[in-house]
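Have a look at the structure below, then the notes.
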Amino acid sequence: MTANLLNTLDLDRELSDQSPQEIIAYALEQFDNIAISFSGAEDVVLIDMAHRINPEKVQVFSLDTGRLHAETYRFIEKVREHYGIQIDVVFPDAYAVNNMVREKGLFSFYRDGHKECCSIRKIGPLRRKLLTVDAWITGQRRDQSPGTRTAIPVIQDDKAFARPDDTLTKFNPLANWSSNQVWEYIRSNNVPYNELHDRGYISIGCEPCTRATGPGQHEREGRWWWEEATMKECGLHSVNTQK
Amino acid sequence: MKITLVKKIKLDGSLCRKCEDVQQKMEAADQMSLIDEVLLADERDASSPGMVLARRYNVDQAPFFVVEREGLQPEIYTVYFKFVKEVLNQKTREEDELKEILNDNPDLDFL
Ligand code: SF4
């Protein structure tokens, strides 16, 4: 595990200067069993890039929490048709959702915070999906979450979702891109996008937990706006862990 | 096998919330007796034993476990439930596992 970690850290240093396309090309070359996580939002650029690099190797999955906007379902379908690809739509465990809803109702996140619902509707199916692959690609960017201490690397050893005694590699090719760069790419390459973006939605998640944002607002303000922004506190300050 | 638990002391001198939480869980499950050494990573002191280990293994999360087995490379666990399952061979509850993953990885909110 240690040797592997060091390897990933070295690679991160190397890949950090590369473009998202170069990172995706590298990922597709290194792994046969690799999947792109597609949320039905601007991370569609990953599919577009991968499709231009190697259309044969594009494996995509989406997490259907059961609470997405109708527009997002339409968009996922549009992407499937536009690129001629299969999209593996994965669902939460019905028993777990059933238990939560019976006990707490359909909108418990407004009262108890989003973590319980997200862990059942998103993290559970994500983990099931990731047990079937060797590597995955996400559209996560550093500029999405202000205040989080942990930087998003371009490549990482994903210990949380790895199979026991195995490794899982996670690529975040857009980590160093800004929202503006993503949108420049979408416009200049005529990439299809979710119609909600035209209605002021910057970040798109589930319908009850997403709202349009105004000028000057950070995209994070469009998600779980009723919760207090809390700082993640269990990272070790890098300033102190560096020699 | 030697198991070392590293806990973090924050800049204000208090134990980090997750470290506290994990410690409580471990005490309730009688797992502390299986830990050979507990070290502190004191954010105010880069030379504290836990900070030295964090640097050596490139760990940026606390708490974490170092598992040393004879003749093998040390293994690092930053996810408590994985440590419980894979090293202690004990059962965990899926809902606790999923919550821990989300708490430790707020970036997953944007999937
Ligand atoms: S975003 Fe909201 S509705 Fe969707 S899984 Fe999370 S808490 Fe539940």
Side-chain angles (χ1 to χ4, degrees), chain A residues 1-6 8-9 37-39 41 43 62-63 93 96 99-100 114-116 118-120 122-124 126-127 138-142 144-145 147-152 158-162 164-165 172 203 205 219-220 223-224 230 232-243, chain B residues 6-11 14 16-22 41-48 50-64 66-67 72-79 81-83 85-86 94-111:
Chain A
M1 193 181 278
T2 312
N4 199 352
L5 175 71
L6 292 175
T8 313
L9 287 170
S37 164
F38 172 47
S39 71
D43 52 356
S62 289
L63 304 173
D93 177 64
N99 274 345
M100 177 179 64
H114 73 284
K115 295 230 164 115
E116 181 180 20
C118 276
S119 61
I120 290 173
K122 275 167 51 171
I123 308 300
L126 175 65
R127 181 160 73 164
T138 84
Q140 290 172 350
R141 302 191 316 272
R142 289 197 183 122
Q144 284 171 314
S145 224
T148 302
R149 291 182 200 168
T150 316
I152 295 185
D158 189 341
K159 293 198 196 70
F161 293 110
D165 300 322
N172 306 303
S203 176
E219 65 179 87
R220 177 78 204 194
R223 305 283 290 273
W224 308 290
T230 48
K232 181 175 155 54
E233 69 152 45
C234 283
L236 289 164
H237 278 159
S238 57
V239 66
N240 287 343
T241 54
Q242 275 159 16
K243 269 185 195 158
Chain B
V6 179
K7 298 192 292 190
K8 185 180 87 169
I9 302 291
K10 295 192 293 180
L11 293 170
S14 65
C16 85
R17 202 187 315 149
K18 187 177 175 196
C19 298
E20 243 174 58
D21 184 46
V22 164
D42 190 332
E43 284 202 323
R44 300 163 302 180
D45 176 9
S47 62
S48 57
M51 290 304 262
V52 172
L53 270 194
R55 269 199 303 276
R56 185 182 307 155
Y57 297 121
N58 287 301
V59 183
D60 62 1
Q61 280 189 336
F64 66 93
V66 183
V67 180
L72 295 175
Q73 290 268 16
E75 289 182 309
I76 312 300
Y77 287 83
T78 52
V79 185
F81 78 82
K82 269 183 105 82
F83 166 76
K85 269 208 307 214
E86 293 174 23
E94 184 172 26
E95 55 196 272
D96 292 336
E97 296 177 15
L98 299 177
K99 263 189 222 158
E100 184 185 355
I101 293 177
L102 190 55
N103 277 330
D104 287 353
N105 302 278
D107 49 304
L108 292 172
D109 275 344
F110 286 93
L111 284 184

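We name chains A, B, ... by the order of the sequence lines, and we start the count at 1 in each one.
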What part of B:Lys99 lies closer than 4.5 angstrom to a heavy atom of chain A: side chain, backbone, both or neither? both

For the CG atom of A:Asn172 and the CG atom of B:Asp107, what is their distance to the nearest 0.5 Å? 7.5 Å

Could you tell me the separation between the CZ atom of B:Phe110 and the OG atom of A:Ser39, rounded to the nearest 0.5 Å? 10.5 Å

Separation between NZ (A:Lys115) and CD (B:Glu100), nearest 0.5 Å, reads 12.0 Å

Measuring heavy-atom distances to chain A, does B:Glu97 have an atom under 4.5 Å in its side chain, in its backbone, in both, or in neither? side chain

Least distance between heavy atoms, B:Asn105 atom then A:Ala160 atom: ND2-CB, 4.2 Å

Gap between atom CD of B:Glu95 and atom CG of A:Asn99 - 0.5 Å precision: 8.5 Å

Does A:Lys159 come within less than 4.0 Å of B:Glu75, counting only side-chain N to carboxylate O? no

Taking every non-hydrogen atom, the tightest pair across B:Leu102 and A:Cys118: CD2-CB, 3.6 Å

Taking side chain as everything from C-beta outward and backbone as N, CA, C, O, which of these in A:Arg223 sits under 4.5 Å from a heavy atom of chain B? Side chain, backbone, both or neither. side chain

Hey, are A:Arg220 and B:Asp109 close enough for a salt bridge, meaning a charged N less than 4.0 Å from a carboxylate O? yes

Rounded distance [0.5 Å steps], CG in B:Leu108 versus OG in A:Ser37: 9.0 Å

Any sub-3.5 Å donor-acceptor pair from B:Lys85's side-chain atoms to A:Pro164's backbone N or O? no

